[in-house]
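Accompanying notes for the structure given below.
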Amino acid sequence: MQFGVFSIGDMTQNPLTGHTPDENEKIKNTVAIAKHAEEVGFDVFAEGEHHNRPFAAPANPAILLAYIAAETKTIQVSTSTLQITTNDPVRIAEDYAYLQHLTDGRMDVVLGRGNTGPVYPWFGRDIRKGIPLMIENYDLLYRLWHEDTVNWEGQFRTPLQRFTAMPRPLDGVAPFVWHASIRSPETAEQAAYYGDGFMHNNIFWTKEHVAQMVRLYRARYEYYGHGKASQAWVSLGGQAFMAKNSQDAVTQFRPFFDNAPVYGHGPSLEDFSELTPLTVGSPQQVIDRTLSFREVVGDYQRQMFLIDHAGLDLKTILEQLDFFGNDVLPVLRKEFEDMRPADVPANPPTHADLVARHQAGKDPIVGGEPGSQAVKDREARAAAQRDNVSDSDAVWDE
């Protein structure tokens, strides 16, 4: 199991001190958090894309991720998320292949549709076409990474003729891709169709909803013949705030929860913690709650935690990372590994895994492996259509 920290770069006022970080402070703090996350034993650091206040997240996360990778040695960098709808797939293909080379493959990409309404027209897009944009743009991105020369025409951008995205992916293999969604079943379907990973950022959602989305992805992953449903690649979000004593944790975090724009003036801390993955308590409570996610989605490969939010100051965030490194991560690694069936992957594929898979000719086949139910269904539909063609239609077709 991989464990990671993800950030959305919010610049929220600290309710205890009244201090609100500016962009420079928030950006520098993000780098410090990523470096300390590596020091305490996290596997992944991910930064999201934002263009609107109150966020200091990068418009192009590849810039920050390249810097963090240069300042660290082992931690994998990723996005959380990169908007596939408002970004040009050509730019994504080139930027993240470049990042792949800079990091020697120590990266992957989380792609999402984006649900902030004003952002779409800023980039000349219509949020009402978010799903078609997602489908078309990823089709193009996939081809740009997997084909040396692309001839392509779609609905939302100018055609490409004999185009080659540069640089080519490292060692001839594309970065591993997670398709992230909170509520869109089309995203889960897309992840399964390509044999990619599915990331459910479940930090604001009930376990029943999360279970339904992951079940859909797993079922469709198996339908397309990429493996058993239990072997599909799944990542989850999470939130936690810890103190040695659970009541101290609640007392310390409550003013941040009550005043944060994403929480405040809504459900109580207790109700929100009951309904969502937010866990405020002792390290043991965080361990127990995180282990319970397996009961909701089955065995999965990556668990991400949102820690730098709600106005928490850098000192407190680093202390939270220490709790994870000293008390939580070692236990979670052992417990998840002890429970994992032997035929279920423990971690997402590394770059080396992707290279070995490619050299062995075992890359996922888009839309269904030979003999998969998806291929059988398509063949059956085609046969039915042929059988239903009238004589006059047959002559006309000839």
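In this structure, the side chain of Thr20 does not engage the main chain of Thr12 through any donor-acceptor pair within 3.5 Å. For Asn29 (side chain) and Leu314 (main-chain N/O), no donor-acceptor pair under 3.5 Å exists by modelled atom type. Looking only at distances, no side-chain donor or acceptor of Trp178 sits under 3.5 Å from a matching main-chain atom of Ser235.
A distance of 6.0 Å or more separates the ring centres of His179 and Tyr217. A centroid separation of less than 6.0 Å is found between the aromatic rings of Phe336 and Tyr300.
With 3.5 Å as the limit, one finds a donor-acceptor pair spanning the side chains of Glu25 and His19. Side-chain contact annotation: Asp171 with Gln100, donor-acceptor N/O pair under 3.5 Å absent. A donor-acceptor contact under 3.5 angstrom links the side chains of Glu47 and Ser7, judged on distance only. A side-chain donor-acceptor contact under 3.5 Å links Asp377 and Gln373. With no hydrogens or angles considered, a side-chain donor-acceptor pair links His358 and Asp363 at under 3.5 Å. Using modelled atom types, one finds a donor on one side chain and an acceptor on the other under 3.5 Å when comparing Asp108 with Gln76. Judged purely by distance below 3.5 Å, without hydrogens or angles, the side chains of Glu38 and Thr74 pair a donor atom with an acceptor atom. Between the side chains of Ser184 and Arg113, at least one donor N or O lies within less than 3.5 Å of an accepting N or O. Using modelled atom types and a 3.5 Å distance limit, the side chains of Thr251 and Asp248 yield no donor-acceptor pair.
Residues Glu337 and Arg340 are paired through a salt bridge, judged by an N-O separation under 4.0 Å between the basic side chain and the carboxylate. Note on Arg254 versus Glu270: salt bridge recorded, some NZ/NE/NH1/NH2 to OD/OE distance being below 4.0 Å. Between Lys26 and Asp308 there is a salt bridge, since at least one side-chain N of the basic residue sits less than 4.0 Å from a carboxylate O of the acidic one. The residues Asp338 and Lys334 are annotated as salt-bridged, a charged nitrogen and a carboxylate oxygen being separated by less than 4.0 angstrom. Between Asp43 and Arg333 there is a salt bridge, with a side-chain nitrogen of the basic residue lying less than 4.0 Å from a carboxylate oxygen of the acidic one. By the 4.0 Å N-to-carboxylate-O rule, Lys228 lies too far from Glu222 to be salt-bridged with it. The residues Lys315 and Glu319 are annotated as salt-bridged, a charged nitrogen and a carboxylate oxygen being separated by less than 4.0 angstrom.
Using cut-offs of 30° and 60° on the angle between ring planes, the pair His200 and His209 is perpendicular. Ring planes of Phe257 and Phe253: tilted class, angle from 30 to 60°.
Contact check for Asp258 versus Pro255: no side-chain heavy atoms found under the 4.5 Å cut-off. The side-chain heavy atoms of Tyr67 and Val31, taken from C-beta on, include a pair separated by under 4.5 Å. Between Phe272 and Phe204 there is a side-chain heavy-atom pair separated by less than 4.5 Å. Two residues are said to be in side-chain contact when any heavy atoms from C-beta on lie closer than 4.5 Å; Leu133 and Gln83 fail this criterion. Between Leu236 and Val297 the shortest side-chain heavy-atom distance falls below 4.5 Å. For the pair Met107 and His351, the minimum side-chain heavy-atom distance is 4.5 Å or more. Side-chain contact between Thr316 and Phe241 is present, with at least one heavy-atom pair separated by less than 4.5 Å. Proximity of Val90 to Phe163: side-chain heavy atoms (C-beta onward) are separated by under 4.5 Å at one or more points.
Closest heavy-atom contact between Pro15 and Ala310: CD-O, 4.5 Å. Nearest heavy-atom pair across Pro185 and Met213 is N-CE, 4.0 Å. The two residues Ala232 and Arg218 come nearest to each other via the heavy atoms O-NH1, 3.7 Å. For the residue pair Ala229 and Ala219, the shortest heavy atom distance occurs at CB-N, 4.5 Å. Counting all heavy atoms, side chain and backbone alike, Gly367 lies closest to Tyr224 at O-CD2, 3.3 Å. Taking each heavy atom of Leu321 and Val40 in turn, the nearest pair found is O-CG2, 3.6 Å.
Neither Ile131 nor Leu216 shares a network with the other; the hydrophobic side chains, linked directly or stepwise wherever heavy atoms of I, L, V, M, F, W or Y lie under 4.5 Å apart, form separate groups for each. Note on Ile182: it clusters hydrophobically with Met134, by side-chain heavy-atom contacts below 4.5 Å among ILVMFWY residues.
Remark: of the listed residues Val177, Thr187, Ile92, Val177 is the sole one forming a side chain to side chain contact (heavy atoms under 4.5 Å, CB included) with Tyr138.
Because its NZ or CZ atom is both nearer than 6.0 Å to the ring centre of Tyr223 and within 45° of the ring axis, Arg220 counts as a cation-pi partner of that residue.
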### Task
Start with the C-alpha distance between Phe305 and Phe6, add both sets of side-chain angles, then the distance that settles ring pair (Phe, Tyr, Trp, His ring centres under 6.0 Å), and finish with yes or no.
CA-CA 6 Å; Phe305 291 98; Phe6 73 101; 8.8 Å; no

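A distance of 8.5 Å separates CG in Asn87 from CG in Asn137, rounded to the nearest 0.5 Å.
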